[in-house]
K.L.:
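Have a look at this one before I ask anything.
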Amino acid sequence: MEVSHKKSVLITGGSSGLGFALSKIFAKNNFDIYWVSLYEEEMDSAKKMLQEEFPNIKIEYKQKDLSDINAAVEIHQWMKSKNKRIDILINNAGFGTYGLIQKIDIEKELKMIQLNVLNLYQMTRLFLDDMIAYDSGTIINISSNSSFQPVPNMSTYAATKAFVTNLSRSISEELKYKNSKVSLITVCPSAIKDTNFKKEAKMEKVKTFSGLATTTVEEVAKDIWKGYQSKKAFIVTGRKMRLLYAIRNLIPFRIQQYMIRKETALING
Ligand SMILES: NC(=O)c1ccc[n+]([C@@H]2O[C@H](COP(=O)([O-])OP(=O)(O)OC[C@H]3O[C@@H](n4cnc5c(N)ncnc54)[C@H](OP(=O)(O)O)[C@@H]3O)[C@@H](O)[C@H]2O)c1
């Protein structure tokens, strides 16, 4: 495989929301960019927008539903067919569901588990093997603050993100024990107010998006970039969320759960 000297990043769900905000930062830092997302037209217009500002970087994309079984194998093959070694993989694509578990469409939840858990797992395994072979590279897995505790009304989503946080932090420890130059960064954002996530999850009227720790897509992307540069293994994004995370063990579990219930309740609901 040819080793390219120009750095490159593969971002799932890179053409919108947090993925696009990250793409802007990586473009500014002269990375070539590869995207995988659901909608070709969206990627095409996002590419035009970014390329206008950063004409010297390469942007390529592939349309793929990452909740398809073995989508990760296809994406891995796609990169191999380009003889391209990825410096950074960002497993960002993901969505949420909202409501009492018995009221949520089971097919939608199975799709979410396939995307948030199984695809992320398989992407991590496949690209990690390559990175370990070269003893170089970084995987950034986007989890959530929902992974820290039980989250009523988001039971399955919170469980998918608990998987992401525990898998990613454990692998990161394994890499550290081996003194590997490969790193895995776990990112836990709180509610981001300006992405499609809340619309997709039918959460527009949920209090958390106007709550205490609400953040913006720019703040989250900036924190991730800063954390990557300073070689952090675990990033809680947003100033207010970091403060809450630091003091959470001082708050009794019942009070934490009361606060979470309020956060995930409907406005006027
Ligand atoms: N927003 C929040 O409050 C929040 C908080 C904590 C963590 N997160 C996490 O942050 C990550 C990014 O979310 P976001 O807020 O930026 O949401 P978003 O605006 O909805 O972006 C999600 C991205 O994932 C892609 N995607 C969704 N389903 C896909 C599929 N089946 N196959 C391929 N791509 C798919 C979407 O592609 P298309 O644009 O082509 O549909 C989109 O680019 C997610 O993992 C989410 O769980 C979000």
Side-chain angles (χ1 to χ4, degrees), residues 10-24 33-47 61-72 74-75 78 89-98 107-124 140-148 151 154 156-165 168 186-204 206-211 213-221 223-224 235-238 240-241 245 263-264:
L10 167 61
I11 309 178
T12 65
S15 52
S16 68
L18 176 58
F20 190 61
L22 284 166
S23 298
K24 281 191 202 159
I33 292 176
Y34 296 84
W35 288 328
V36 185
S37 267
L38 273 180
Y39 302 112
E40 187 133 13
E41 279 170 23
E42 181 187 278
M43 287 186 281
D44 193 47
S45 62
K47 175 177 169 168
Y61 59 76
K62 184 172 177 66
Q63 187 283 328
K64 185 72 201 165
D65 184 341
L66 291 170
S67 66
D68 288 351
I69 292 171
N70 283 331
E74 204 176 303
I75 302 311
W78 177 55
L89 162 67
I90 308 183
N91 283 310
N92 163 74
F95 69 86
T97 53
Y98 175 77
E107 291 305 322
K108 184 144 193 205
E109 294 227 296
L110 288 170
K111 205 174 159 72
M112 177 176 69
I113 293 167
Q114 186 69 43
L115 177 67
N116 295 10
V117 175
L118 297 177
N119 177 263
L120 178 138
Y121 169 80
Q122 216 173 356
M123 291 283 285
T124 300
I140 301 178
N141 283 343
I142 307 297
S143 187
S144 165
N145 68 343
S146 309
S147 68
F148 300 150
V151 186
M154 298 190 81
T156 313
Y157 175 73
T160 68
K161 293 299 185 176
F163 176 91
V164 174
T165 295
S168 309
T186 309
V187 179
C188 293
S190 54
I192 310 169
K193 59 183 170 200
D194 45 3
T195 71
N196 284 330
F197 181 92
K198 62 179 182 222
K199 190 168 171 236
E200 188 63 39
K202 301 191 172 51
M203 289 181 77
E204 287 109 320
V206 174
K207 286 180 182 159
T208 191
F209 288 98
S210 50
T214 308
T215 185
T216 62
V217 79
E218 283 79 19
E219 186 180 24
V220 175
D223 283 351
I224 294 172
I235 305 171
V236 176
T237 61
K240 291 181 205 148
M241 187 60 222
Y245 184 75
E263 282 272 309
T264 60

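When a ligand or atom number is given, it counts from 1 through the structure's own listing order.
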K.L.:
Quick one: which of N141, I142, V187 gives a side chain to side chain contact (heavy atoms under 4.5 Å, CB included) with S168?
P.N.:
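Per the side chain to side chain contact (heavy atoms under 4.5 Å, CB included) rule, the option paired with S168 is N141, out of N141, I142, V187.
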K.L.:
Run through K108, K161, E109 and flag the one making a side-chain hydrogen bond (donor to acceptor under 3.5 Å, both in side chains) with T156.
P.N.:
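Passing option: E109.
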K.L.:
Could I get the full list of side-chain hydrogen bond (donor to acceptor under 3.5 Å, both in side chains) partners for N196, not counting sequence neighbours?
P.N.:
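Per chain and number, N196 pairs via side-chain hydrogen bond (donor to acceptor under 3.5 Å, both in side chains) with no residue.
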K.L.:
Please identify each residue that fulfils side-chain hydrogen bond (donor to acceptor under 3.5 Å, both in side chains) with S67, with sequence neighbours left out.
P.N.:
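Expected list: D65, K111.
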K.L.:
With respect to F197, which candidate in F95, Y157, Y98 satisfies the ring-ring contact (aromatic ring centres under 6.0 Å, His included) definition?
P.N.:
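So the option named by the test is Y157.
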K.L.:
With K240, which residues qualify under salt bridge (charged side-chain N to carboxylate O under 4.0 Å, His left out), at least two apart?
P.N.:
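K240 satisfies salt bridge (charged side-chain N to carboxylate O under 4.0 Å, His left out) with no residue once adjacent residues are dropped.
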K.L.:
At less than 4.0 angstrom from any atom of ligand 1, which residues have a non-hydrogen atom? List them by chain and residue number.
P.N.:
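Only G13, S16, G17, L18, S37, L38, Y39, E42, K64, D65, L66, S67, N92, A93, G94, L115, I142, S143, S144, Y157, K161, P189, S190, A191, I192, T195, N196, F197, F209 have heavy atoms that fall under 4.0 Å of ligand 1, ordered by chain and number.
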